[in-house]
Amino acid sequence: MMNKIILKEKLDLELSLFSGQAFRWKKKLNWYYGFIDNKFLKLRIKNNCLEYVCSDDWVAQDKVYDYFGLGIKYNEIFENFDDELSTVAYKKLQGMRVLNQDPWECLISFIISAWSNVPKISNTIHLLCQKLGYKYILDDMVGYSFPSPIQITGLTESEMKSFGMGYRGQYVLKTSKIIEENKILLSDFYNEDYFDSLKFLLTFPGVGDKVANCVLIYSLKKYNAFPVDLWVERLLVEDYGLNKKMSLINKRKWGQNYFGKYSGIIQHYLFHYKRKYNH
DNA sequence: CAGGTC
DNA sequence: TCTGG
């Protein structure tokens, strides 16, 4: 059965799903296949509506709405912020939304992302899901759900290596064990502020300032989170005149202070713009 | 070389 | 400092 959400905010699925914040979406014949709320579905935009079809389990409209953060008015964020490069990036990438992904999947994905590249990250995550996830079928597409912490703890070191995780496999295993043993629910951090959430995420092995800030902005709705990766660092130095020798944490703090309350959303536009058009 | 962490 | 493109 087809579901429809009338769009008041501009939404570009290609930009939103393939700008390096999510790693598991697949495109086929104008439909985008993937998981929202742990359920397999396909999406497309037609006549200013976001249309979606679920495989078997129903996905509520508010979950889809929330996944794309459609309650946030990007126009207001960028209009209220007078910065040349941000304005250019916003105009060029209109419709790109910062996603609100599942925090658990986001955490593991960004631990895997360390010092890697998007195709490889996607491949590793796919192998992990294929091994452990539940199988869903929609049209002729197959989807595997993201495994739970307890499922991952059952894996061996050599299995992790076979997925191409390299030295990150240990971090993924250890983090999964901590979460499983302490029955930690990352979704509890929706109710915590940025600073407390960051402090807690940093206690996991394989999670440093960059990965933690990715989890905070791409899944936990901490819109002032500001991940400083290679591209953003380059941007801050080349385009905003920061001293290259400034520490990563101070660069992050500078970004949060300069770009303000929604620095994470602006960061994603600048990050993608820099990577795509201005490397 | 590549979207860092310990 | 793993390892694939």
Side-chain angles (χ1 to χ4, degrees), chain A residues 15-25 89 93 96 98-99 101 105-128 130-131 152 155-179 198-219 222 225-240 242 244-256 259 263-279:
Chain A
L15 282 172
S16 302
L17 302 173
F18 296 104
S19 51
Q21 48 179 331
F23 304 99
R24 252 149 61 72
W25 288 89
L93 301 171
M96 182 171 75
V98 167
L99 305 173
Q101 304 178 64
E105 173 174 345
C106 198
L107 173 63
I108 296 301
S109 299
F110 279 97
I111 289 176
I112 293 170
S113 81
W115 206 244
S116 188
N117 52 67
V118 177
K120 197 182 159 189
I121 299 163
S122 298
N123 188 247
T124 298
I125 297 172
H126 172 71
L127 290 172
L128 180 69
Q130 188 173 244
K131 173 80 181 177
I152 292 183
L155 289 172
T156 64
E157 237 179 276
S158 64
E159 282 175 310
M160 298 301 259
K161 287 210 165 160
S162 72
F163 302 149
M165 293 214 194
Y167 61 90
R168 304 168 201 83
Q170 281 299 321
Y171 299 148
V172 172
L173 273 175
K174 283 180 183 165
T175 294
S176 302
K177 276 198 180 113
I178 293 170
I179 290 197
L198 173 66
K199 217 167 113 184
F200 185 74
L201 286 172
L202 289 173
T203 64
F204 292 114
V207 179
D209 196 74
K210 190 267 176 185
V211 169
N213 275 276
C214 283
V215 176
L216 292 168
I217 184 63
Y218 298 129
S219 75
K222 305 294 183 262
F226 196 85
V228 178
D229 68 328
L230 199 103
W231 293 98
V232 172
E233 186 181 18
R234 206 174 282 171
L235 175 110
L236 292 175
V237 171
E238 290 173 7
D239 303 303
Y240 290 89
L242 265 64
K244 201 175 177 180
K245 288 180 181 172
M246 188 191 261
S247 74
L248 277 177
I249 290 186
N250 281 331
K251 286 188 182 111
R252 188 253 293 166
K253 286 179 180 166
W254 185 93
Q256 289 174 312
F259 295 106
S263 50
I265 293 178
I266 299 172
Q267 171 272 156
H268 191 66
Y269 273 80
L270 291 172
F271 160 74
H272 195 57
Y273 180 78
K274 187 79 179 168
R275 214 169 61 141
K276 208 172 169 186
Y277 300 106
N278 189 22
H279 55 282

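So that the names make sense, note that chain A is the first sequence line, chain B the second, and so on, each numbered from 1.
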Problem set entry | side chain to side chain contact (heavy atoms under 4.5 Å, CB included) partners for A/Leu127, two or more places apart | A/Asn123, A/Gln130, A/Phe163

Exercise. What dot-bracket string describes DNA chain C from 5' to 3', counting Watson-Crick and G-U wobble pairs whose defining distances are under 3.5 Å, with [ ] for crossing pairs and | for pairs to another strand?
Worked result: ..||.

For this session: Applying side chain to side chain donor-acceptor pair (under 3.5 Å), name anything that partners A/Trp25, two or more places apart in sequence or on another chain.
Result: A/Tyr67

Seminar exercise, completed: For A/Arg252, the side chain to side chain donor-acceptor pair (under 3.5 Å) test, sequence neighbours excluded, returns A/Tyr194, A/Asp209, A/Gln256

Exercise. Nucleotide range of DNA chain B contacted by chain A, 5' to 3', under 4.0 Å to a heavy atom?
Worked result: B/dA2 to B/dC6

For this session: Would you please name every residue forming a side chain to side chain contact (heavy atoms under 4.5 Å, CB included) with A/Lys161, sequence neighbours left out?
Result: none

For residues 107-120 of chain A, dump all side-chain donor-acceptor pairs below 3.5 Å to protein atoms at least two apart in sequence or in another chain.
residue: A/Ser109; atom: OG; partner: A/Glu105; partner atom: O; Å: 2.6
residue: A/Ser113; atom: OG; partner: A/Phe110; partner atom: O; Å: 2.8
residue: A/Asn117; atom: OD1; partner: A/Lys120; partner atom: N; Å: 3.2

Exercise. Reckon A/Val207 touches a base, only the sugar-phosphate, or nothing at all at heavy-atom distances under 4.0 Å?
Worked result: sugar-phosphate

For this session: Report the residues that fulfil side chain to side chain contact (heavy atoms under 4.5 Å, CB included) with A/Ser247, sequence neighbours left out, ordered by chain and then residue number.
Result: A/Ile249, A/Asn250

Problem set entry | Contact residues, residues 159-177 of chain A to DNA chain B [heavy atom, < 4.0 Å] | A/Tyr167, A/Tyr171

Exercise. For A/Tyr218, what residues pass the side chain to side chain donor-acceptor pair (under 3.5 Å) criterion, not counting sequence neighbours?
Worked result: A/His268

Problem set entry | Results of ring-ring contact (aromatic ring centres under 6.0 Å, His included) for A/Phe204 - residues two or more places apart only | A/Phe200

Problem set entry | Position toward the 5' end of DNA chain B (nearest nucleotide), A/Asn117 or A/Phe204 | A/Asn117

Exercise. Would A/Gln21 and A/Gln101 count as having a side-chain donor-acceptor pair, cut-off 3.5 Å?
Worked result: no

Problem set entry | Residues that A/Tyr240 engages under side chain to side chain donor-acceptor pair (under 3.5 Å), provided they are two or more places apart | A/Asp83

